[in-house]
2 protein chains.
Amino acid sequence: MLKNSEFVSKLRNSGLRPTKQRLKICEVLFNRDKTFHFTINDLAKNISENFNEKISLATIYNTVHAFKDKGYLKEITISSDKSYFDTNITKHHHFYDEDTNLLIDCNDNEIGKVNIKNNITGKKISSVEVLVRVASDTQNQS
Amino acid sequence: MLKNSEFVSKLRNSGLRPTKQRLKICEVLFNRDKTFHFTINDLAKNISENFNEKISLATIYNTVHAFKDKGYLKEITISSDKSYFDTNITKHHHFYDEDTNLLIDCNDNEIGKVNIKNNITGKKISSVEVLVRVASDTQNQS
DNA sequence: TTAGTAATTTATAATAGTTCTAAACTAAAT
DNA sequence: ATTTAGTTTAGAACTATTATAAATTACTAA
């Protein structure tokens, strides 16, 4: 749980003015015990349901992208029409529950280190991401 | 290299009529030695450049999705705005070159088996996909 | 304080990618 | 041949995201 003043300095330190819209978004995203996985739509809905003052959709998009660019959020793409943001910015992998459309963070207890034996010549690895899709037994698999 | 008659039976066997549009698309996609990674846009461009008769964009979308549903293509999503289809439908992983926007198939020589130690209770794993993003040393990483 | 400025927010327009629609056409069955 | 159901097509519709430009706000420096 972070205080408002911590968000103010977090924003200032990354060259973003601590506007009331950004602080509100910080509160929704980062004032949590657990990792938060959300779509832009989820976030917009959450804000409009929980606060009286509305934040323009354009601002929500701008802010989420700014936070992503500053490294406060990670983007996890599931399919061409499902993209989530993740407040957990450490290196980690995901389960994706196809029944509930929920993302679940993995730690090293669930997925072992990926062994990359040979990289492309002359290139540097910028990220390694594993996505494990799961579904209940009775459903058809893809 | 497959013959036209093989595509005809392939389509018939999966309940799709072998229309000339579908056969043309089969030719472009499957009449190759190597795996083909493409976007809908790549495919549409390829067809319009290499054939005189045009195929409607709607048909290209329909056909690619039908082929995906029938298991002849796999979809690989890189980011919310970049989605590729892959003619290699075996279980495999990918490198994604951020400099060239090219996907590269991996085999077991490059990426070892992913060790999933604990799955979500009551769920079955439908797929495991690793995406390794690479870029040249001089570029900034994400 | 108070101007001045630059950044930010906002509603709306524009754009892009994809899906929908319904009429025309085609493959296959009778 | 005729019929039927599946397919293709152009263009409309839709959806998610980005751009625009005016109004507002945060900050700076006098």
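Chain A is the first sequence line, chain B the second, and so forth, proteins listed ahead of strands; every chain is numbered from 1. Small disclaimer: the values here were computed from a predicted structure and weren't measured. Side-chain atoms are counted along with the backbone in the values below, which use heavy atoms only and exclude waters and symmetry mates.
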Review point. What residue pairs, at least two apart or across chains, pass side chain to side chain donor-acceptor pair (under 3.5 Å) with a residue in residues 16-28 of chain B?
Key: B:Lys24-B:Glu53
Point to revise | Axis-to-axis angle between the two ends of the helix from C:dT1-D:dA30 to C:dT30-D:dA1 (five base pairs per end, rounded to 10 degrees) | key: 20°
Review point. Around A:Lys91, counting heavy atoms of other residues, nucleotides and ligands shown, do more than 12 lie under 6.0 Å from its NZ?
Key: no
Point to revise | Boundaries of the chain B footprint along DNA chain C (any atom under 4.0 Å from a heavy atom) | key: C:dG17 to C:dA28
**Study point:** Positions of residues 47-58 of chain B (non-hydrogen atom under 4.0 Å from DNA chain D), listed by number
**Key:** B:Lys54, B:Ile55, B:Ser56, B:Ala58
Review point. Which residues satisfy the side-chain hydrogen bond (donor to acceptor under 3.5 Å, both in side chains) test with B:Thr87, sequence neighbours excluded?
Key: none
Please report, to 0.1 Å, the donor-acceptor pairs under 3.5 Å made by any side chain of residues 63-76 of chain B, with sequence neighbours excluded.
residue: B:Thr63; atom: OG1; partner: B:Thr59; partner atom: O; Å: 2.7
residue: B:His65; atom: ND1; partner: B:Tyr61; partner atom: O; Å: 3.2
residue: B:Lys68; atom: NZ; partner: B:Glu75; partner atom: OE1; Å: 2.9
residue: B:Lys70; atom: NZ; partner: B:Ser14; partner atom: O; Å: 3.0
residue: B:Tyr72; atom: OH; partner: B:Lys10; partner atom: O; Å: 3.3
residue: B:Tyr72; atom: OH; partner: B:Ser14; partner atom: OG; Å: 3.0
residue: B:Lys74; atom: NZ; partner: B:Thr90; partner atom: O; Å: 3.2
residue: B:Glu75; atom: OE2; partner: A:Ser80; partner atom: OG; Å: 3.2
residue: B:Glu75; atom: OE2; partner: B:Ser83; partner atom: OG; Å: 2.6

**Study point:** chain A footprint on DNA chain D, 5' to 3' - any atom under 4.0 Å from a heavy atom
**Key:** D:dA16 to D:dC27
Point to revise | Partners meeting ring-ring contact (aromatic ring centres under 6.0 Å, His included) with B:Tyr84 (sequence neighbours left out) | key: none
Check your understanding: In chain order, what residues pass the ring-ring contact (aromatic ring centres under 6.0 Å, His included) check against A:His93, with sequence neighbours excluded?
Key -> none
Check your understanding: How would you list, by chain and number, every residue that makes a side-chain hydrogen bond (donor to acceptor under 3.5 Å, both in side chains) with B:Asp81, sequence neighbours excluded?
Key -> B:Ser79
Review point. Is there a residue in residues 13-24 of chain A whose heavy atoms reach under 4.0 Å of DNA chain D, and which residues are they?
Key: A:Arg17, A:Pro18
Check your understanding: Which residue pairs satisfy the salt bridge (Lys or Arg N to Asp or Glu O under 4.0 Å) criterion with at least one member in residues 101-116 of chain B, sequence neighbours excluded?
Key -> none
